[in-house]
Every structure is written in structure tokens, then in C-alpha cells.
Amino acid sequence: MPELPEVETLRRALTQELEGTKLRALHIYEPRLVQNASERDLQRALVGQRLRAIGRRAKFLLFDFGKYTALLHLRMTGWPTLSPIKNPRFVLEFTQNKTLSLSDTRRLATLHLVPSARADELPPLSELGIEPFQPNYTFENFRAILQSKQEIKKLLLDQRKIAGIGNIYACEALFASKIHPQRRAHSLSRSEARRLFEQIEKILAQAIAEHGTSVRTYRVLTGEPGNFQNFLRVYDRAGEPCVRCRTKIVRIEQGGRGTYFCPKCQGHPHPWPLSPRGRGE
Ligand SMILES: [Zn+2]
């Protein structure tokens, strides 16, 4: 599933190709794609309009056509491409002979139409939590979110609390911060929370610089894989030796998702009987 770095990589490539062109035609081939409008509504609102900018909020791509914005979420297998494909879920024809198609084998991608001026106030964007690289991603806001009994890994995946992080980068950030994924969020000490807060942005920035991670289906706009899979230290490495301590990496399930961690250098899931200073120092 594309996470923040993969969506940001696509946003940058799409911007280069499409910004400033006008939408000439729009065709929807997957009825489940559009969440809050009809194909006719989309055509009325967007066809003939200039694509002013392509933005991103968490894992949403924002196609800003002036008065209205289309929000695309790629979910599991969605992939926008400028090349002709079989069974596109939508086709957008732009001026300058550019055609944007959406490939989506699992058919879970979504499209919303919202008034641009109120996009942040309306669902789905209004439901998103604080986001790395945005002004609201402060240590104080992050600490406030951690005041929860939820397991820290599950909390990192909750888009209503922190937006943009998915399974890969949650595993990597916890490994880099030496925090067990099953720790209760409120049990993190101030210094552990600080490490995690900083590692999240550091790892996401590295992944953006490497054009994202291609573990399964994700590809950059041209069809090439990203490069960050070569820098993963824990994700998808069950049974391999930890890069820090050589202990075998373990895979467990948390909320139906695979979690990868080092049972030695990421410590214990219940730290406070072992370390009296572990809680709230
Ligand atoms: Zn280790």
C-alpha cells in the first residue's frame, strides 16, 4: 500500500507532467470509485478547468481545479499512470495530449469531489490527524496523542491521530527508536517519545528522497520501482539477523497487519516492572 513517501513521489511526478493543463474529458469505469458524487457531477465541476496544482494530504492526492478539488486515495493497489493500460478505473484527458489513467486491481481506491475552499473542513480530510512535515506535527501534539492505552504500533497506523504513516514506516520508526511495537503508547518515556517523533520524519524524508518503497505493487509514475526497499532495516525481514545485534527478526500480527521487530534491541512490551523510570519520566 502506498504510504506518505510513495504518494509524495507520485505527486511530484504528476505535478511535472500535468500542472497547468486543462481537463478535456473525464470517464469513470469503476462505479465504486467515486464516493460522494456522480460521474456527471465530476464532469460538470471539472471538465474545462485548468489543473492549478496537485497537492497531498497524508495519503490523499489533491487535484486542485480552482473551484473544486478531486481527492484520490490509492488504498491497496491504486496506481496512476500516463501510459495506456487495460481496464482503467478512470481516464482523465488533459490538453497537451496527456492522459491520466488509474490502474487498481483490488478496486479499493476512492475519489471525492470537494469545494476547494472548504476541503480541509469536510470529510475525508477533516478526519485526518496531525501529519509529519506539517505545522501541526509538534512534539507537544505528538505527546498528547500518546496519552492512550493503545499499543504504539496500532496508534501510529491510526490516520485519525497521525496521518500518512502505514505499516512499513511504523515498523521502521519503532525499530530505529528501539521501542517494542506492543508497548502501550502512554508508557513511553519523554525521551522515547522524542526519539520516535524525530525518527518518523527522518525515515519518511529518506524514503521520499529514495522515491518510496517498492515491496509489492507500488511503482513510481514511469513504472520504475522506488528505491527505499534497499534501506529497510526490519520490515519484511522475519528470520533474518538484526542489523544491530544479529538476533533474528520476528513477525507478529497486530490488528491484522504484520509487524516486524527485533525482540532484543526493541526491549520488552511491558517495560515498567523492569525499569522503574520507564513510565512518564
Ligand atoms: Zn536487534
**Q** Using a 3.5 Å distance criterion without hydrogens, assess whether the side chain of Arg56 forms a donor-acceptor pair with backbone atoms of Leu10.
**A** no

**Q** Minimum heavy-atom separation for Val7 and Pro2, please, with both atom names.
**A**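 Closest pair (atom of Val7, atom of Pro2, distance): CG2-CB, 4.1 Å.
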
**Q** To the nearest 0.5 Å, what is the distance between OG1 on Thr15 and CZ on Arg12?
**A** 9.5 Å

**Q** Measure from the side-chain N and O atoms of Ser126 to the backbone N and O of Asp120, and report whether any donor-acceptor pair falls under 3.5 Å.
**A** no

**Q** Could you tell me whether Tyr68 atom OH has more than 12 heavy atoms of other residues or ligands within 6.0 Å of it?
**A** no

**Q** State whether the side chain of Ser148 and the backbone N or O of Ala185 hold a donor-acceptor pair below 3.5 Å, judged by distance alone.
**A** no

**Q** Is there a donor-acceptor pair closer than 3.5 Å between any side-chain N or O of Arg184 and the backbone N or O of Lys149?
**A**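 Pair found, side chain donor or acceptor close to backbone of Lys149.
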
**Q** How are the rings of Phe197 and Tyr137 set relative to one another: parallel (under 30°), tilted (30 to 60°) or perpendicular (over 60°)?
**A** parallel

**Q** Distance-only, no hydrogens or angles: does the Glu172 side chain make a donor-acceptor pair with backbone N or O of Val234 under 3.5 Å?
**A**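 Yes; at least one donor-acceptor contact below 3.5 Å.
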
**Q** Keeping Arg160 on the side-chain end and Glu127 on the backbone end, is there a donor-acceptor pair under 3.5 Å?
**A** no

**Q** So which atom in Pro80 and which in Leu221 form the shortest heavy-atom distance, rounded to 0.1 Å?
**A**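 Closest approach of Pro80 to Leu221, heavy atoms only: O-CD1, 3.3 Å.
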
**Q** Could you state the interatomic distance from CD (Glu210) to CZ (Phe231), rounded to the nearest 0.5 Å?
**A**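 Nearest 0.5 Å value for the CD-CZ distance: 4.0 Å.
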
**Q** Output yes when Arg190 and Glu140 qualify as a salt bridge under the 4.0 Å nitrogen-oxygen rule, no when they do not.
**A**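 Looking at Glu140 together with Arg190, the answer is yes, because their closest N to O distance falls below 4.0 Å.
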
**Q** For a quick test of your reading: what N or O donor-acceptor pairs under 3.5 Å do the side chains of residues 84-94 make, sequence neighbours left out?
**A**
{"from": "Arg89", "atom 1": "NE", "to": "Asp104", "atom 2": "O", "distance (Å)": "3.1"}
{"from": "Arg89", "atom 1": "NH2", "to": "Asp104", "atom 2": "O", "distance (Å)": "3.2"}

**Q** State whether the side chain of Glu131 and the backbone N or O of Ala58 hold a donor-acceptor pair below 3.5 Å, judged by distance alone.
**A**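 Checked: pair present.
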
**Q** Treat each ILVMFWY residue as a node, draw an edge where side-chain heavy atoms are under 4.5 Å apart, and state whether Leu174 and Phe139 are in one component.
**A**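 Yes, because Leu174 and Phe139 connect within a single hydrophobic cluster, where side-chain heavy atoms sit under 4.5 Å apart.
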
**Q** Quick one: does Gln43's side chain have a donor or acceptor within less than 3.5 Å of a partner on Leu26's backbone?
**A**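 Indeed, once roles are kept as given, a pair shorter than 3.5 Å links the two residues.
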
**Q** For Gln254, which of Gln182, Lys154, Glu151 qualifies under side chain to side chain donor-acceptor pair (under 3.5 Å)?
**A** Glu151

**Q** Should we count CD of Gln16 as having more than 12 external heavy atoms under 6.0 Å?
**A** no

**Q** So with a 6.0 Å cut-off around CG of Asn230, is the heavy-atom count from everything else above 12?
**A** yes

**Q** Could you measure the distance from the CD atom of Gln147 to the CG atom of Leu155? Nearest 0.5 Å is fine.
**A**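 One gets 10.5 Å once the value is rounded to the nearest 0.5 Å.
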
**Q** Looking only at the side chains, is there a donor atom on one of Lys98 and Thr21 sitting less than 3.5 Å from an acceptor on the other?
**A** no

**Q** Using a 3.5 Å distance criterion without hydrogens, assess whether the side chain of Asn141 forms a donor-acceptor pair with backbone atoms of Asn136.
**A**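 Answer holds: yes.
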
**Q** Within a strict 4.5 Å, meaning less than it, do heavy atoms of the Arg219 and Trp79 side chains meet?
**A** yes

**Q** Out of Glu192, Gln266, His270, which one pairs with Arg183 under the side chain to side chain donor-acceptor pair (under 3.5 Å) rule?
**A**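 Of all the options given, the one that passes is Glu192.
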
**Q** Do the non-hydrogen side-chain atoms of Lys161 and Gln150 ever get within less than 4.5 Å of each other?
**A** yes

**Q** Compare all side-chain heavy atoms of Leu100 with those of Leu82 and state whether any distance is below 4.5 angstrom.
**A**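 The answer is yes; the side chains approach within 4.5 Å.
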
